[in-house]
Amino acid sequence: MNSLYHSTRGGDQKTTASRAILAGLASDGGLYVPDSIPSFDLPLTALADMDYRAVAFEVMSRFLTDYTEEELRDCIDHAYDDKFDTKEIAHLHEAGDAFYLELFHGKTIAFKDMALSILPYLMTTAAKKNNIREKIVILTATSGDTGKAAMAGFADVPGTEIIVFYPKDGVSPVQERMMVTQKGDNTHVVAIRGNFDDAQTGVKKIFGDGKMAADLRKAGCRFSSANSINIGRLVPQIAYYFYAYANLLKRGKIQAGDPVNVTVPTGNFGNILAAHYAKKMGLPVGRLICASNSNNVLTDFFRTGVYDRNRDFFLTSSPSMDILVSSNLERLICESAGGDVKTTAALMKSLRETGKYEITDAMRRNMDDFYGGYADEDQVFEEIRRVYRESHYVIDPHTAVASAVYHNYVKETGDGTVTVIASTASPYKFARNVLAALDPKYGNFSDDEQFDALAEVSGVAIPAAIRELRAAKVRHNTVVDIAGMEQSVREILHL
């Protein structure tokens with residue numbers, strides 16, 4: 001069965017997966033969603049003997065139906081190769097009473113690599129399939145990890161340019177250094193004086209600017225996105241939840257059909273939405289535990305049905321989650337409204353104009369499998385210490401948010417279901433905060449000394465991504481106000 005895609009706001013006609021990937025964002029500002037979630041028709045036991053590439057194909061082929069088997073396997077083989085530093089691609093580590101799904105073994109040691117390693121291949125294949133000859137300009141905002149992972153994927157890919165905006169004081173030193181040292185003649189990084197929500201709003205505004213679109217066409221270019229608003233980012237993420245389940249089966253930790261809970265540290269809502277889509281496909285997922293940091297807008301939403309971004313914004317030790325407008329939630333809103341695009345459009349209009357909206361009781365009932373919780377900074381640091389003390393396992397602050405929320409959930413509910421925690425970044429990416437949590441004595445160490453100390457403490461070798469940073473030269477140093485974002489794009493593209 002062919003999967004077709006439509007906008008959550010109803011303004012675009014139905015389209016194929018490849019065209020939705022090329023567009024990134026629908027022309028009406030909505031996000032592309034499949035007309036229906038495909039069923040996974042293989043027995044789950046069949047996955048237990050498959051490697052990651054095989055599982056990814058079985059999952060992704062159900063969504064990307066206008067890609068031939070040869071095209072999709074080629075994309076997968078190029079994406080999930082030796083750029084990952086573990087054979088499993090996504091290692092499942094048992095520590096205490098939970099399983100940590102390590103999604104940080106790619107080139108930029110964060111979970112974004114899992115999808116952004118394949119997106120350039122999906123996109124360039126889509127361009128060929130649809131006879132697109134314009135240069136594809138990837139325009140994206142990042143809260144720390146997407147930007148680097150996207151640039152690493154698209155660097156020097158023919159027929160593409162990539163422009164990344166990030167909040168100048170809203171990412172970790174390692175995240176920033178990874179971005180500003182990125183090589184590639186087609187890569188461009190711009191810091192903004194503002195937060196991630198400002199960057200994301202600015203990018204969406206540029207996407208919707210009619211004059212910019214006309215000028216792009218004249219220049220032989222077209223915009224697309226590498227954020228998780230692009231369905232080509234979201235679909236690959238579904239695969240690793242199937243892989244984790246298959247791994248649990250293989251180890252004898254569960255029997256086929258047993259439910260598994262999933263806990264995800266959540267910012268833009270793409271990663272946990274992928275787990276939800278896996279459940280809709282038929283993966284036996286129980287509760288979807290949505291873990292937030294001090295920017296707990298999602299926790300309040302799941303507990304009250306009111307989404308309200310009108311609140312203080314906190315810079316935390318888990319910067320990839322420092323978000324008050326979770327774009328991918330729009331996809332769940334549309335689904336919970338029974339696919340009513342007019343309702344979705346109205347709610348998004350309210351969010352844009354007033355900063356808030358409220359869903360109906362019926363919509364809330366359609367989200368009953370979600371649980372929202374949050375962990376503040378003290379809880380995050382304590383969780384890093386607890387996990388290390390009890391399991392000699394070092395986790396980063398984002399993973400610690402999820403781990404703390406999960407254990408609070410168990411205390412609150414008594415639910416002892418086997419649980420997978422999405423571990424979204426290597427502790428090396430946040431070495432200073434991780435070591436500060438473990439022992440204050442590391443506070444005066446230089447960055448290099450902290451990396452060495454973390455290697456000793458964790459027993460895990462310093463990743464190649466960190467070793468390369470030590471000698472990397474800064475190549476991008478542009479900083480602009482929010483109002484200057486469009487002009488930056490015009491200057492970069494010579495419009």
Side-chain angles (χ1 to χ4, degrees), residues 7-9 11-12 19-32 116 119 123 127 132 134-144 146-151 154 159-168 170-171 179 182 186-233 268 270 309 323-328 330 345 348-349 351-353 355 476 478-495:
S7 168
T8 50
R9 302 183 192 179
D12 282 7
R19 285 190 172 275
I21 289 171
L22 282 172
L25 190 69
S27 63
D28 61 0
L31 279 61
Y32 283 111
L116 284 166
L119 184 60
M123 197 167 282
I132 301 299
E134 299 104 319
K135 177 179 283 189
I136 298 170
V137 179
I138 306 299
L139 183 65
T140 198
T142 184
S143 54
T146 289
K148 171 61 180 179
M151 286 189 292
F154 280 94
T160 68
E161 295 279 338
I162 179 165
I163 305 171
V164 171
F165 289 98
Y166 75 95
K168 175 60 182 169
V171 301
M179 286 189 283
Q182 175 63 49
N186 65 336
T187 65
H188 312 275
V189 185
V190 181
I192 67 158
R193 300 181 184 95
N195 59 39
F196 170 75
D197 290 327
D198 297 322
Q200 182 166 251
T201 299
V203 165
K204 287 184 175 180
K205 184 178 179 182
I206 294 169
F207 263 99
D209 187 312
K211 178 68 165 61
M212 175 70 82
D215 291 343
L216 276 174
R217 285 193 295 271
K218 290 178 184 176
C221 299
R222 61 187 293 154
F223 278 143
S224 190
S225 174
N227 282 87
S228 53
I229 57 175
N230 191 317
I231 197 69
R233 263 283 307 277
N268 219 19
R309 65 162 296 185
I323 295 172
L324 293 180
V325 179
S326 301
S327 286
N328 271 288
E330 182 173 340
M348 294 306 108
K349 183 173 185 285
L351 180 64
R352 187 169 62 252
E353 294 179 353
H476 310 275
T478 302
V479 183
V480 301
D481 292 325
I482 299 164
M485 290 175 63
E486 179 185 336
Q487 185 56 36
S488 292
V489 172
R490 289 186 173 277
E491 289 174 1
I492 289 168
L493 299 178
H494 307 292
L495 299 180

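Values below: all heavy atoms of this structure, side chains included; hydrogens, waters and symmetry mates excluded.
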Please name all residues satisfying side chain to side chain contact (heavy atoms under 4.5 Å, CB included) with R19, sequence neighbours left out, ordered by chain then number.
->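 Checked R19 against side chain to side chain contact (heavy atoms under 4.5 Å, CB included); matches are T15, T16, N130.
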
Please list, chain by chain and in numerical order, all residues satisfying side chain to side chain contact (heavy atoms under 4.5 Å, CB included) with A219, sequence neighbours excluded.
-> C221, L495

Could I get the full list of side-chain hydrogen bond (donor to acceptor under 3.5 Å, both in side chains) partners for [X], not counting sequence neighbours?
X	value
T160	N186
D198	none
S143	none
S224	none

Where is the tightest heavy-atom contact between [X] and [Y], given as atom of each residue plus distance?
X	Y	answer
N268	S228	ND2-OG, 3.9 Å
T142	G147	OG1-N, 2.9 Å
Y32	A23	CE1-CB, 3.9 Å

To the closest 0.5 Å, what do you measure between [atom1] ([X]) and [atom2] ([Y])?
X	Y	atom1	atom2	answer
I138	H188	CD1	NE2	11.5 Å
N195	Y166	CG	OH	14.5 Å
L22	M123	CG	CE	6.5 Å
H476	I163	NE2	CD1	11.5 Å
I206	L25	CD1	CG	12.5 Å
T146	M179	OG1	CE	9.5 Å

Judged by atom type as modelled, is there a donor-acceptor pair below 3.5 Å linking the side chain of S488 to the main-chain atoms of G484?
-> yes

Test item: side-chain donor near acceptor, T8 and E330, under 3.5 Å | yes

Do N227 and Q200 have side-chain atoms, one donor and one acceptor, less than 3.5 Å apart?
-> no

Measure the shortest side-chain to side-chain distance between [X] and [Y] over non-hydrogen atoms and say whether it is less than 4.5 angstrom.
X	Y	result
K168	I192	no
L119	I21	yes
T478	I492	no
R309	L351	yes
L139	V489	yes
R233	L116	yes

Pairs flagged by ring-ring contact (aromatic ring centres under 6.0 Å, His included) wherever residues 202-229 is involved - sequence neighbours left out =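 Found F207-F223.
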
Not counting sequence neighbours, which residues clear salt bridge (Lys or Arg N to Asp or Glu O under 4.0 Å) with [X]? List them please.
X	answer
E486	R490
K205	none
K218	none
K135	E161

Return each pair, listed once, that meets salt bridge (Lys or Arg N to Asp or Glu O under 4.0 Å) where at least one residue sits in residues 186-197; pairs must be two or more places apart or across chains.
->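 Pairs touching residues 186-197 that pass the test: R193-D481.
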
